[in-house]
Number of protein chains: 2
Amino acid sequence: MSPAAEPVADKPSRREQILAAAAELFARHGFHGVGIDDIGSAVGISGPALYRHFRSKDAMLGEMLTSISEVLLDGGQSRVGAARSPHDTLGDLVRFHVDFALDNPALITVQERNLGNLTDPDRRKVRGLQRRYVELWVEVVRSAVPETEEPTARAQAHAVFGLINSTPHSRHLDRAQMADLLTGMALAALVQ
Amino acid sequence: MSPAAEPVADKPSRREQILAAAAELFARHGFHGVGIDDIGSAVGISGPALYRHFRSKDAMLGEMLTSISEVLLDGGQSRVGAARSPHDTLGDLVRFHVDFALDNPALITVQERNLGNLTDPDRRKVRGLQRRYVELWVEVVRSAVPETEEPTARAQAHAVFGLINSTPHSRHLDRAQMADLLTGMALAALVQ
DNA sequence: CCATCCGGTTAGTCACCGCTAACCCCCTAC
DNA sequence: GTAGGGGGTTAGCGGTGACTAACCGGATGG
């Protein structure tokens, strides 16, 4: 499948370029609202040339979403790995997610809107990664606020994702202010 | 779904039925991912019979989204109309939106995902209604927390919508608990 | 210096989708 | 008892979209 899962990322090339353009388009028009030709011309090549890089349109979405989910899970785990106070860990986790959302609005949008357009195996994979990411949040929330029940913590995590991921829909503050605002709101919502 | 939700209006009929089914499908698969035949068979009729009730597939989405936006705006305005303390008004507004989201998960999902699939005139109309709803929130937030700048309040409103509208993605608490949780989180995020 | 292959091109195929056409009940009002 | 219309049916048309086929230029390494 993936020709090489490179640790060293000295590859800024095509594939990535195509995925970025596709993400932008999927975010704006939805998966089925975007044609192969649209994606092609967005990167300066035209139409079927994409099949030199991806097996299918579904494969593009699949790779896009799995890689997002992996980045989130890895980043989350590394934040939790750094042993600090539960409350600080929660702060780090929130900040990490906020930064990711602010830096990758199109990806975040695609992830929350287009999960249903994945192939069955891809969806299973992405769902699995997302579930583990949520579990991470649940544990961190519950160790920062111990009296929280598990289902409540899960619901809180989803709600906070919704809050943070709303970022693409409002662009009236600059990046730094927005990051602070969202972080503050998320933490307030979690610890009340 | 519930045939007798109506206070007086004894018209639960077709159109509404079709819109409800279409909302469900649009929410799950996206506008372009749903065919005319899918919608038809979801209400027991098949395919082109829908054109006895709507001029086009676009018209279905248009009517769906404008009616949602109108319901939200009207409901919001009536909550604000009842003169109470700024803080109570904010609480009412939050609770109103939470209730709507919990009672209409499919509609909420379609509204936030499929704005981009609207016809240009429809989109303008819906955008206008949404803008007025946001302005309502901005004013209520600013009168409850006067030191808030306007752009900040706008960003907060969007973020809170994201939080509340995340509802369809998590179903592990019952309706009442979920309503209380979301209301509490939203208010905490707003007043900090 | 040539073989190869990587990454592009255009033309074409096939399925599907929105929508129209033509037809067909009932049910109701006169 | 029949006229009419609201709401349903199936067949089919035109357009579009994903993908394949066949071809091609140029860099590269043996």
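Here is how names work: the chains are called A, B, and so on, in the same order as the sequence lines, proteins then strands, and each is numbered from 1.
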Please enumerate all residues that pass salt bridge (Lys or Arg N to Asp or Glu O under 4.0 Å) together with B:D120, with sequence neighbours excluded. B:R123

Restricting to pairs with a member in residues 52-73 of chain B, which pass salt bridge (charged side-chain N to carboxylate O under 4.0 Å, His left out), not counting sequence neighbours? B:R15-B:E63

With sequence neighbours excluded, tell me which residues meet side chain to side chain contact (heavy atoms under 4.5 Å, CB included) with A:A42. A:A21, A:L25

Heavy-atom contacts, protein to nucleotides 13-18 of chain D, under 4.0 Å, summarised as B (base), S (sugar-phosphate only) or - (none) per nt, yield -----S

Mind running a 4.0 Å heavy-atom check of residues 118-126 of chain B against DNA chain C and sending the residues that fall below it, in number order? none

Could you walk me through whether A:V145 and A:L190 pass the side chain to side chain contact (heavy atoms under 4.5 Å, CB included) check? CA-CA 8 Å; A:V145 188; A:L190 287 170; over 6 Å; no

Under the rule for side chain to side chain contact (heavy atoms under 4.5 Å, CB included), what residues qualify as partners of B:N117, not counting sequence neighbours? B:F31, B:H32, B:L61, B:N114

Determine whether the side chains of B:N165 and B:H97 contain a donor N or O and an acceptor N or O closer than 3.5 Å. yes

Can you pull every protein N or O that's under 3.5 Å from an N or O on nucleotides 6-8 of chain D?
{"unit_1": "D:dG8", "atom_1": "OP1", "unit_2": "B:R14", "atom_2": "NH1", "d": "2.3"}
{"unit_1": "D:dG8", "atom_1": "OP2", "unit_2": "B:H53", "atom_2": "NE2", "d": "2.8"}
{"unit_1": "D:dG8", "atom_1": "N7", "unit_2": "B:R52", "atom_2": "NE", "d": "3.0"}
{"unit_1": "D:dG8", "atom_1": "O6", "unit_2": "B:R52", "atom_2": "NH2", "d": "2.2"}

Short side-chain to backbone donor-acceptor contact, B:D92 and B:T89, under 3.5 Å: no

Who passes side chain to side chain contact (heavy atoms under 4.5 Å, CB included) against A:S69, sequence neighbours left out? A:Q111, A:V126, A:L129, A:Q130

Any donor-acceptor pair under 3.5 Å from A:N104 side chain to A:L107 backbone: no

Grab the N/O contacts between the protein and nucleotides 26-29 of chain D below 3.5 Å, and write none if there aren't any.
none

Of all pairs that satisfy salt bridge (charged side-chain N to carboxylate O under 4.0 Å, His left out), the ones with a partner from residues 141-166 of chain A, not counting sequence neighbours: A:E135-A:R154, A:R142-A:E150, A:E150-A:R154

By side chain to side chain contact (heavy atoms under 4.5 Å, CB included), B:P168 pairs with (sequence neighbours left out) B:P105, B:T109

Determine which pairs satisfy salt bridge (charged side-chain N to carboxylate O under 4.0 Å, His left out) with at least one residue from residues 175-190 of chain B, sequence neighbours left out, and list them in order. B:R95-B:D180, B:D99-B:R175, B:D103-B:R175

Can you check the A:L50 CG to D:dT20 P distance for me, whole Å? 13 Å

